[in-house]
Amino acid sequence: MAHAPQLTLNAARAIALDAQGVATRASGTIRGLKSTLDRIGLLQIDSVNVYARSHHNVAATRAAGIAPADVDRHTHHDSRIRSLGPVTEAWAHEAALIRTDDLPLFAFRQQSFRKRFAQHFESNGDLHRELLAQIRDRGPLAITEIEHEDNVRMPGGWWHKNAVHGAVGALFRGGDLVVTGRKRFERVLDVRDRHDIGDPVDYDTAHDELLRRASVHLGIATLDDLRDYYRFGYLADAKRALGVLLECGDVTEVSVEGWDRPAYLARDQARSRRRDVDAILSPFDPLVWHRPRALRLWDFHYRISIYTPAPQREHGYYVMPVMIGGELVGRVDLKRDAKADALLVQHAHVEPSHAGRAAELAPRMLRLLRQNADWHGLSDVRLVGPGTWTDTLRAATAA
């Protein structure tokens, strides 16, 4: 039996960067955004906005600094358009923006949700029918726009939601409602049957196609990486689909220097050598969202820290990986302070493996910070917090 071709770790890194569209970026236009969504399949959504919405950051990393307002326009966020557009939402990785045409691929997940929570759907049937009827009559609505006696603000924090909120969430996860956009970051939903979405894709076919797409999005990946991209619930489904891809020639088994398990190279994936990528990454960027892959590819042990108690945080609150020259060389905690007209660097840390290069890397890091401030329309960059890189960056600023 022939041995699997072997790739160097640097070659694997270059392939991963190329596949994700960061080595050669698209234009910072709506067309570039569409190309980005085609290339990476989804944009994960997260509510934390201390620096920027994650999907804005991930898009701008690939679509040449596209403005958040342009991303919002294309995705029907904070616009008057209430019809279903080219982009909607699904539970794809986590909650994520996807192309509307891809929604039938996730029908199996909606069906699984309904089966898992069958008791909820049965016991809340009257409420569900009432809510669906109201949305059908009034058109797409945000939850706060729904008229119902139980739709009141609950005490106890943002996680404590009322029965209407829970019911609408279930109807979305179960496929009865579809997201037409967002209003002040709140989902706007419509009844699915008002729109021509397409027939559901069957379970095995959907898994085969999603795993194939994951291989293209990642370029080179282990089975664990492939399974994680679209969050397959069962390892057996990923293994079966991988077998189909291998048999069809959609992926080729290879080995990668230093990896302790087989890797799979996507068909037609270019053997890119370009790794000169500088970027400050969102915690929910596909390059780093799967922590074992970040460790395997870049020797980067990563935790976001927003759920870590403040006294135990080592690198700050909203910890963002720093890529310079295609390597993960540090991490920063950034805050957009519109009142101060400044980007605040609350923590700045260089990775121990790159500590000897801290001064060499500092000018490129400062350029990145300046570019990110400009993207936000902020005049100043302020190094206000601690970190193993902070003093070096301050010295480079003063030089």
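Keep in mind it's a predicted model, so treat the numbers as computed, not measured.
The backbone N or O of G233 sits less than 3.5 Å from a side-chain atom of R227, completing a donor-acceptor pair. Looking only at distances, a side-chain donor or acceptor of D78 sits under 3.5 Å from a matching main-chain atom of R184. When atom types are taken as modelled, the side chain of R182 and the backbone of H77 share no donor-acceptor pair closer than 3.5 angstrom. T392 places no side-chain N or O within donor-acceptor distance of the main-chain N or O of A358, the cut-off being under 3.5 Å. Not a single donor-acceptor pair under 3.5 Å links the side chain of D18 to the backbone N or O of T24. Although no hydrogens or angles enter the test, the distance criterion places a donor-acceptor pair under 3.5 Å between the side chain of T88 and the main chain of V179. Between the side chain of D337 and the backbone N or O of A340 there is at least one donor-acceptor pair closer than 3.5 Å. Side-chain atoms of R267 come within 3.5 Å of backbone N or O of C248 as a donor-acceptor pair. Of the possible donor and acceptor atoms, none in the side chain of R114 sits under 3.5 Å from a partner among the backbone N and O of A170. Without hydrogens or angle criteria, H217 side chain to R39 main chain gives a donor-acceptor distance under 3.5 Å.
Rounding to the nearest 0.5 angstrom, the gap separating the CG atom in D278 from the CZ atom in R367 is 7.5 Å. To the nearest 0.5 Å, atoms OG1 (T308) and CZ (R303) are separated by 9.0 Å. One finds the NZ atom of K183 at 7.0 Å from the OG1 atom of T144 (value rounded to the nearest 0.5 Å). Within the model, atoms CG of L369 and CG of L393 stand 7.0 Å from one another, a figure rounded to the nearest 0.5 Å.
In this structure, the side-chain hydrogen bond (donor to acceptor under 3.5 Å, both in side chains) partners of H56, at least two apart in sequence or on a different chain, are D72. Judged as a side chain to side chain contact (heavy atoms under 4.5 Å, CB included), and not counting sequence neighbours, the contacts of H93 are L42, Q44, D228, R231, W289. Every residue meeting the side-chain hydrogen bond (donor to acceptor under 3.5 Å, both in side chains) condition with R382, not counting sequence neighbours, appears here in chain and number order: D380.
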Please step through side chain to side chain donor-acceptor pair (under 3.5 Å) for the pair N124 and H120, ending with a clear verdict.
CA-CA 6 Å; N124 290 276; H120 169 88; 3.2 Å; yes
For side chain to side chain donor-acceptor pair (under 3.5 Å), just list the numbers for H55 and D46, CA-CA rounded to whole Å, side-chain angles, deciding distance to a tenth of an Å, and then say yes or no.
CA-CA 8 Å; H55 63 286; D46 187 75; over 6 Å; no
So L177 and D190, side-chain contact (heavy atoms from CB on, under 4.5 Å) or not? Walk me through it.
CA-CA 5 Å; L177 294 175; D190 196 10; over 6 Å; no
Taking it one step at a time, do H315 and H347 satisfy ring-ring contact (aromatic ring centres under 6.0 Å, His included)?
CA-CA 6 Å; H315 301 111; H347 280 254; 7.9 Å; no
Using the side-chain contact (heavy atoms from CB on, under 4.5 Å) rule, take N372 and L343 through it: C-alpha gap first, then chi angles, then the decisive distance, then the call.
CA-CA 8 Å; N372 278 265; L343 179 66; 4.1 Å; yes
Given D70 and L33, is the side-chain contact (heavy atoms from CB on, under 4.5 Å) satisfied, shown in steps?
CA-CA 9 Å; D70 289 336; L33 177 62; over 6 Å; no
Could you walk me through whether D38 and S35 pass the side chain to side chain donor-acceptor pair (under 3.5 Å) test, one step at a time?
CA-CA 5 Å; D38 288 345; S35 174; 5.9 Å; no
Take R173 and Q110 through the side chain to side chain donor-acceptor pair (under 3.5 Å) test and state the conclusion after the steps.
CA-CA 6 Å; R173 295 285 298 273; Q110 296 165 341; over 6 Å; no
Step-by-step side-chain contact (heavy atoms from CB on, under 4.5 Å) determination, I15 to L218:
CA-CA 8 Å; I15 289 169; L218 294 171; over 6 Å; no
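Contact check on D126 versus R129 returns a salt bridge, with a Lys/Arg side-chain nitrogen under 4.0 Å from an Asp/Glu carboxylate oxygen. A salt bridge is defined here as a Lys NZ or Arg NE, NH1 or NH2 lying under 4.0 Å from an Asp or Glu carboxylate O, and R192 with D176 fails to meet this definition. A salt bridge links E209 to R212: one of the charged nitrogens lies within less than 4.0 Å of a carboxylate oxygen. Ion pairing of R240 with D237 is absent here, as no side-chain N (NZ or NE/NH1/NH2) approaches a carboxylate O to less than 4.0 Å. Salt-bridge formation is detected for the pair R364/D276: a Lys NZ or Arg NE/NH1/NH2 atom is positioned less than 4.0 Å from an Asp or Glu carboxylate oxygen. Between D250 and R213 no salt bridge is recorded (no basic side-chain N to carboxylate O distance below 4.0 Å).
In this structure, R291 places its CZ atom where more than 12 heavy-atom neighbours from other residues, nucleotides or ligands lie under 6.0 Å away. Other residues, nucleotides and ligands place more than 12 heavy atoms under 6.0 Å from the CG atom of D137. Heavy atoms from other residues, nucleotides or ligands lying under 6.0 Å from CZ of R370 number more than 12.
Classification of the F117-F113 ring pair by plane angle, with boundaries at 30° and 60°, yields tilted. Between H207 and F108, the ring planes lie tilted relative to each other; the angle falls in the 30° to 60° range.
Screening D208, T205, D204, L211 for a side-chain contact (heavy atoms from CB on, under 4.5 Å) with V244, the sole residue that qualifies is D208. When T36, T61, V71 are each tested for a side-chain contact (heavy atoms from CB on, under 4.5 Å) with I66, only one passes: V71. E89 pairs in a side-chain contact (heavy atoms from CB on, under 4.5 Å) with only one of the listed residues (I45, I98, T100), which is I45.
Side-chain N/O atoms of H148 and N162 include no donor and acceptor closer than 3.5 Å. Defined by atom type and a distance below 3.5 Å, a donor-acceptor pair is present between the side-chain atoms of S379 and D341. With hydrogens and angles left out, the side-chain atoms of D225 and T222 include a donor and acceptor closer than 3.5 Å.
Nearest heavy-atom pair, G174 versus F121, reported as atom, atom and distance to 0.1 Å: CA-CZ, 4.3 Å. Residues H74 and P86 approach most closely at CE1-CG, 3.5 Å, considering heavy atoms.
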Please tabulate, one pair per line, all N/O donor-acceptor pairs under 3.5 Å involving side-chain atoms of residues 253-261, not counting sequence neighbours.
unit_1, atom_1, unit_2, atom_2, d
E257, OE1, L9, N, 3.0
W259, NE1, R296, O, 3.2

Donor-acceptor contacts under 3.5 Å from residues 318-336 side chains, at least two apart:
unit_1, atom_1, unit_2, atom_2, d
R331, NE, E351, OE2, 2.8
R331, NH1, H301, O, 3.0
R331, NH2, H301, O, 3.1
R331, NH2, E351, OE1, 3.0
R331, NH2, E351, OE2, 2.9
D333, OD1, Y318, N, 3.2
D333, OD2, Y317, N, 2.9
R336, NH1, Y51, O, 2.5

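For R109 and F106, the positive end is not near the middle of the six-membered ring at less than 6.0 Å and at most 45° from its axis.
Grouped by direct or indirect side-chain proximity (heavy atoms under 4.5 Å, Ile/Leu/Val/Met/Phe/Trp/Tyr only), V188 sits alone.
Annotation: side chain of L235 is in contact with side chain of L223 (closest heavy-atom distance under 4.5 Å).
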